[in-house]
Amino acid sequence: QVQLVESGGGLVQAGGSLSLSCAVAGGTFSSYAMGWFRQAPGKEREFVGVISRSGGITRYADSVKGRFTISRDNTENTLYLQMKSLKPDDTAVYYCVATLGVTSYTMGAWDYWGQGTQVTVSS
């Protein structure tokens with residue numbers, strides 16, 4: 001059983017920065033590709049980005065590219081999302097996700113989900 005627990009959410013002003021963490025327990029962390037999704041009020045849950053098992057490859061949604069950085073520490077079993085130049089449209093619940101093999105960036109491609117952490121960006 002894999003458990004994902006996000007932390008680090010909060011309130012930040014537009015233009016500011018915030019970092020999220022996802023602690024992973026169970027399984028072998030380095031065996032999982034990891035990623036982030038988010039869901040804003042009244043909107044569909046959307047893909048944010050992914051990182052490969054070793055951390056060597058990342059991909060991002062166009063909406064966050066250049067502003068968000070995904071990283072992982074396989075010695076600490078932790079996934080990170082560093083966010084900068086935040087916009088009010090970044091306000092959402094952010095979820096970390098895990099899978100043994102990425103087949104797509106859709107919600108159904110991910111086997112494990114965290115509980116989410118709220119990020120609110122004020123204008």
Side-chain angles (χ1 to χ4, degrees):
Q1 179 81 311
V2 175
Q3 295 174 293
L4 312 177
V5 181
E6 302 96 333
S7 62
L11 176 65
V12 62
Q13 292 185 340
S17 300
L18 195 66
S19 294
L20 307 181
S21 298
C22 175
V24 181
T28 302
F29 179 64
S30 61
S31 295
Y32 292 90
M34 302 294 299
W36 292 93
F37 278 73
R38 67 184 183 183
Q39 187 165 23
K43 296 184 178 180
E44 299 290 325
R45 192 167 297 183
E46 66 173 342
F47 166 77
V48 174
V50 297
I51 188 167
S52 61
R53 292 165 179 79
S54 66
I57 302 172
T58 54
R59 293 283 303 276
Y60 301 93
D62 288 342
S63 59
V64 306
K65 195 174 300 180
R67 300 188 298 117
F68 289 14
T69 301
I70 298 173
S71 61
R72 65 191 294 165
D73 186 340
N74 283 358
T75 68
E76 298 291 336
N77 293 350
T78 303
L79 173 74
Y80 302 97
L81 179 64
Q82 297 174 298
M83 304 178 289
K84 66 177 183 180
S85 300
L86 284 162
K87 308 172 181 179
D89 284 349
D90 294 320
T91 295
V93 176
Y94 284 72
Y95 300 88
C96 66
V97 295
T99 186
L100 288 173
V102 179
T103 58
S104 75
Y105 297 155
T106 62
M107 290 175 56
W110 299 90
D111 300 312
Y112 304 101
W113 291 74
Q115 84 289 349
T117 186
Q118 177 71 49
V119 173
T120 302
V121 183
S122 62
S123 59

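Residues: numbered from 1 along the sequence shown. Here the structure is a predicted model, which means the values were calculated and not measured. Side-chain atoms are counted along with the backbone in the values below, which use heavy atoms only and exclude waters and symmetry mates.
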Novice: Set out, in order, the CA-CA distance, both residues' side-chain angles and the distance that settles side-chain contact (heavy atoms from CB on, under 4.5 Å) for Leu86 and Leu18, then state yes or no.
Specialist: CA-CA 8 Å; Leu86 284 162; Leu18 195 66; 3.9 Å; yes
Novice: Under 3.5 Å, which donor-acceptor pairs link side chains of residues 2-11 to any protein atom two or more places apart or in another chain?
Specialist:
from: Glu6; atom 1: OE1; to: Gln115; atom 2: N; distance (Å): 2.9
from: Glu6; atom 1: OE1; to: Gln115; atom 2: NE2; distance (Å): 3.3
from: Glu6; atom 1: OE1; to: Gly116; atom 2: N; distance (Å): 2.8
from: Glu6; atom 1: OE2; to: Cys96; atom 2: N; distance (Å): 2.8
from: Glu6; atom 1: OE2; to: Gly116; atom 2: N; distance (Å): 3.2

Novice: Within the 4.5 Å heavy-atom criterion, are Trp110 and Phe37 side-chain neighbours or not?
Specialist: yes
Novice: Mind checking side-chain hydrogen bond (donor to acceptor under 3.5 Å, both in side chains) for Thr106 and listing every partner two or more places apart, or none if nothing turns up?
Specialist: Ser104
Novice: Considering non-hydrogen atoms only, spot the tightest contact between Val102 and Ala33 and give its length.
Specialist: CG2-CB, 3.5 Å
Novice: Evaluate the criterion side-chain contact (heavy atoms from CB on, under 4.5 Å) for residue pair Met34 and Val50; output intermediate values, then yes/no.
Specialist: CA-CA 6 Å; Met34 302 294 299; Val50 297; over 6 Å; no
Novice: What's the shortest heavy-atom distance between Phe29 and Asp73, and which atoms?
Specialist: CE2-O, 3.7 Å
Novice: Can you check whether Met107 reaches Trp113 side chain to side chain, under 4.5 Å on heavy atoms?
Specialist: yes
Novice: For Glu46, check salt bridge (charged side-chain N to carboxylate O under 4.0 Å, His left out) against everything at least two apart and list the hits.
Specialist: Arg38
Novice: Just to verify, what does Ser123 make a side-chain hydrogen bond (donor to acceptor under 3.5 Å, both in side chains) with, not counting sequence neighbours?
Specialist: none
Novice: Can you give each donor-acceptor pair under 3.5 Å made by side-chain atoms of residues 59-68, sequence neighbours left out, with the distance rounded to 0.1 Å?
Specialist:
from: Arg59; atom 1: NH1; to: Tyr105; atom 2: OH; distance (Å): 3.3
from: Tyr60; atom 1: OH; to: Ile70; atom 2: N; distance (Å): 2.8
from: Asp62; atom 1: OD1; to: Lys65; atom 2: NZ; distance (Å): 3.0
from: Arg67; atom 1: NH1; to: Ser85; atom 2: O; distance (Å): 3.0
from: Arg67; atom 1: NH1; to: Asp90; atom 2: OD2; distance (Å): 2.8
from: Arg67; atom 1: NH2; to: Ser63; atom 2: O; distance (Å): 2.9
from: Arg67; atom 1: NH2; to: Asp90; atom 2: OD1; distance (Å): 3.0
from: Arg67; atom 1: NH2; to: Asp90; atom 2: OD2; distance (Å): 3.4

Novice: Check Ser19 against Gln82 and note the closest heavy-atom contact, atom names and distance.
Specialist: OG-CG, 3.7 Å
Novice: With side chains defined as the heavy atoms from C-beta onward, is the minimum distance between Tyr112 and Thr99 less than 4.5 Å?
Specialist: no
Novice: As an exercise, state the distance from CG of Leu79 to SG of Cys22, rounded to the nearest 0.5 Å.
Specialist: 5.5 Å
Novice: What residues form a side-chain hydrogen bond (donor to acceptor under 3.5 Å, both in side chains) with Gln118, not counting sequence neighbours?
Specialist: Thr120
